[in-house]
Amino acid sequence: MKMRQQQAGLSIPGMLIIAIMVGFFAMCGLKMAPGYFEYLSVKEIVTKTASQFNPEEDNIADIRRKLANLLNTNQVYGIKPKEIEVFRKDGKTYIDANYEMRVTIVGRIDAVMRFDDLEVEAGRRAGN
């Protein structure tokens with residue numbers, strides 16, 4: 001029988017460092033999760049408003065009004081209705097709700113979440 005000369009496994013300081021790292025990333029996830037869920041709400045609101053737009057009956061003011069009402073109803077505070085751009089380009093109407101959100105992690109350390117996939121053509125149905 002051969003005896004081991006060295007001990008195998010993690011030491012107490014090694015386990016402590018791993019626990020601190022896991023705790024830090026879990027804390028970051030918990031602080032960033034509400035912002036991500038709010039982004040999902042904004043995405044749903046923008047796509048819903050864009051799909052319900054009828055170019056023959058509605059105008060840009062109607063889109064802005066509907067967006068403001070839906071953002072208020074869903075208690076979305078990460079983006080203001082006036083920050084959402086609604087514009088016409090080449091005869092088509094677009095809704096651009098791209099925005100950034102900052103979340104304070106610890107002290108002066110912030111996490112920046114950029115949501116830049118919220119530009120939708122209004123009046124276009126989901127299958128088109």
Side-chain angles (χ1 to χ4, degrees):
M1 208 187 299
K2 200 174 190 183
M3 299 284 282
R4 284 193 171 195
Q5 295 292 331
Q6 294 180 341
Q7 183 178 359
L10 280 174
S11 64
I12 298 292
M15 286 190 288
L16 185 62
I17 289 172
I18 290 174
I20 289 171
M21 288 174 32
V22 168
F24 176 75
F25 287 114
M27 179 190 63
C28 289
L30 288 173
K31 286 191 173 197
M32 292 169 62
Y36 184 73
F37 290 129
E38 189 170 269
Y39 153 74
L40 292 176
S41 295
V42 171
K43 186 173 185 176
E44 181 182 340
I45 289 168
V46 169
T47 54
K48 179 180 178 181
T49 303
S51 67
Q52 292 177 351
F53 175 70
N54 184 358
E56 288 84 28
E57 297 176 5
D58 300 329
N59 57 23
I60 291 178
D62 294 331
I63 294 175
R64 290 183 194 277
R65 193 174 312 108
K66 185 166 190 162
L67 285 170
N69 287 337
L70 287 172
L71 289 172
N72 188 28
T73 302
N74 289 301
Q75 297 180 354
V76 174
Y77 303 114
I79 186 169
K80 306 282 187 262
K82 62 184 174 186
E83 295 173 352
I84 298 176
E85 293 182 38
V86 182
F87 60 93
R88 291 189 191 268
K89 181 178 176 184
D90 299 330
K92 297 178 183 176
T93 306
Y94 294 94
I95 302 172
D96 184 5
N98 297 333
Y99 70 104
E100 286 186 357
M101 177 179 275
R102 288 187 176 270
V103 178
T104 302
I105 301 297
V106 177
R108 293 186 176 183
I109 299 173
D110 290 347
V112 178
M113 296 182 291
R114 186 176 66 197
F115 305 114
D116 58 357
D117 63 340
L118 294 173
E119 186 171 331
V120 181
E121 181 183 337
R124 188 170 207 186
R125 301 293 178 228
N128 294 341

Problem set entry | Expected output: side-chain Glu57 to main-chain Asn54 donor-acceptor under 3.5 Å | no
Exercise. Are Ile60 and Ile45 joined in one hydrophobic group, where the rule is that I, L, V, M, F, W and Y side chains link up if heavy atoms are under 4.5 Å apart?
Worked result: yes
Exercise. For the atom pair CE (Met32) and CE (Met113), what is the distance rounded to the nearest 0.5 Å?
Worked result: 5.0 Å
Exercise. Between atom CZ of Phe115 and atom CG of Leu40, what is the distance when rounded to the nearest 0.5 Å?
Worked result: 8.0 Å
Problem set entry | Interatomic spacing from CZ in Arg65 to CG in Asn59 - rounded to 0.5 Å | 7.0 Å
Exercise. Can you find a heavy atom in the side chain of Phe53 that is under 4.5 Å from one in the side chain of Ile63?
Worked result: yes
Problem set entry | Co-membership, hydrophobic cluster, residues Val22 and Ile12, 4.5 Å side-chain | yes
Problem set entry | Tyr36 atom OH, neighbour heavy-atom count above 12 within 6.0 Å | no
For this session: Side-chain contact test, heavy atoms from C-beta onward, threshold under 4.5 Å: evaluate it for Leu71 versus Ile84 and give yes or no.
Result: yes
Problem set entry | Side-chain heavy atoms of Ile95 within contact of Phe87, under 4.5 Å | no
For this session: Kindly compute the distance separating CE (Met101) from CD1 (Ile79), expressed to the nearest 0.5 Å.
Result: 9.0 Å
Exercise. Which value, rounded to the nearest 0.5 Å, describes the distance between Arg102 atom CZ and Asp110 atom CG?
Worked result: 5.5 Å
Exercise. Side-chain contact, heavy-atom cut-off 4.5 Å: Glu121 with Thr93?
Worked result: no
For this session: Indicate yes or no for a side-chain donor-acceptor contact from Asn98 to the backbone of Leu118 under 3.5 Å, with no hydrogens or angles considered.
Result: yes
Exercise. Measuring from Asp96:CG to Asp116:CG, what's the distance to the nearest 0.5 Å?
Worked result: 10.0 Å
Exercise. side-chain hydrogen bond (donor to acceptor under 3.5 Å, both in side chains) with Tyr94: which residues, sequence neighbours excluded?
Worked result: none
Exercise. Can you check whether Val86 reaches Leu67 side chain to side chain, under 4.5 Å on heavy atoms?
Worked result: yes
For this session: Give a yes or no answer on whether the side chain of Asn69 reaches the backbone of Lys66 with a donor-acceptor pair at less than 3.5 Å.
Result: no
Problem set entry | Donor-acceptor pair, side chain of Asn72 and main chain of Asn74, under 3.5 angstrom | no
Exercise. Can a salt bridge be assigned to the pair Lys92 and Asp90 using a cut-off of 4.0 Å between side-chain N and carboxylate O?
Worked result: no
Exercise. Salt bridge (charged side-chain N to carboxylate O under 4.0 Å, His left out): which pairs involve residues 18-46, sequence neighbours left out?
Worked result: Lys43-Asp117
For this session: Could you pull out the closest heavy-atom pair between Tyr99 and Tyr39, with the gap in Å?
Result: OH-CA, 3.4 Å
Problem set entry | Joint hydrophobic cluster, Ile20 plus Met27, side-chain heavy atoms closer than 4.5 Å | no
For this session: State yes or no: do Val76 and Phe37 share one hydrophobic cluster built from I, L, V, M, F, W and Y residues joined by side-chain heavy-atom distances below 4.5 Å, directly or via other members?
Result: yes
